[in-house]
Amino acid sequence: MFSKNKKISKLDVEQHELLENAQKRIQQKKRLYTHFVVFLVGSVFLVLINKILKYGQEYNWFIWAITFWAFLFVLHIFNVFITNKFMGKDWERLQRERLVQKQKNRISEIEQEIDSATIIESDTKKKLL
């Protein structure tokens, strides 16, 4: 219990990152499936309001409401299954590496400009003396 030789199981950084990504992905899919169930129940509810309770009976407005909601649901599907695949963690890492490389290149260019300006200044001072 109080010994110094405790065995602590540590996950390395990659495993931890993989677990976090898996958990995030599970949450995204869970929210999508919940959205689907709410969409189905809500659609039935809208039809019942229009047809059974005769709210706005002269016009089938529920079709437009369900169509708009279906469009939002398709956007949700697109976000979970397509956008995440193309713009996932690997894409983010690649973009981050590219930006860091651009910054390093710009810093080296500025340093070269400063060095060349310093050399020109020192040459000018030597000529004046």
>> For the CG atom of L48 and the OG atom of S43, what is their distance to the nearest 0.5 Å?
In response: 11.0 Å

> Atom CD in Q28, atom OH in Y33: separation rounded to 0.5 Å?
Replying inline: 11.5 Å

> Are there more than 12 heavy atoms of other residues, nucleotides or ligands under 6.0 Å from atom CZ of F45?
Replying inline: no

> Does a side-chain heavy-atom distance below 4.5 Å link I49 with F62?
Replying inline: no

>> Less than 4.5 Å apart, side chain to side chain, heavy atoms only: is that true for E92 and Q95?
In response: no

>> How long is the straight-line distance from NE2 of H35 back to CG of L40, given to the nearest 0.5 Å?
In response: 10.0 Å

> Going hydrophobic residue to hydrophobic residue with side-chain gaps under 4.5 angstrom, can you get from I66 over to Y59?
Replying inline: yes

>> Distance check, rounded to the nearest 0.5 Å: E109 atom CD versus I114 atom CD1?
In response: 12.0 Å

>> Applying a strict under-4.5 Å side-chain criterion to I, L, V, M, F, W and Y, I'd like to know whether F39 and F71 cluster together.
In response: no

>> Does any part of the side chain of I110, heavy atoms only, come nearer than 4.5 Å to the side chain of I107, both counted from C-beta?
In response: no

> Is any side-chain heavy atom of V80 less than 4.5 Å from a side-chain heavy atom of R31?
Replying inline: no

>> Could you tell me if Q103 and R106 have a donor-acceptor pair between their side chains, going purely by distance under 3.5 Å?
In response: no

>> Do L53 and I63 land in one hydrophobic cluster if side-chain heavy atoms of ILVMFWY residues count as linked below 4.5 Å?
In response: yes

>> Can you confirm whether more than 12 heavy atoms, excluding those of W61, are under 6.0 Å from its CH2 atom?
In response: yes

> Would F36 end up clustered with L32 when hydrophobic side chains under 4.5 Å apart are linked, directly or stepwise?
Replying inline: yes

> If you round to the nearest 0.5 Å, how far is CD of E97 from NZ of K104?
Replying inline: 9.5 Å

> Got a second to check how far I77's CD1 is from T83's OG1, nearest 0.5 Å?
Replying inline: 12.0 Å

> Going only through I, L, V, M, F, W and Y residues with side-chain contacts under 4.5 Å, is there a path from L72 to L46?
Replying inline: no

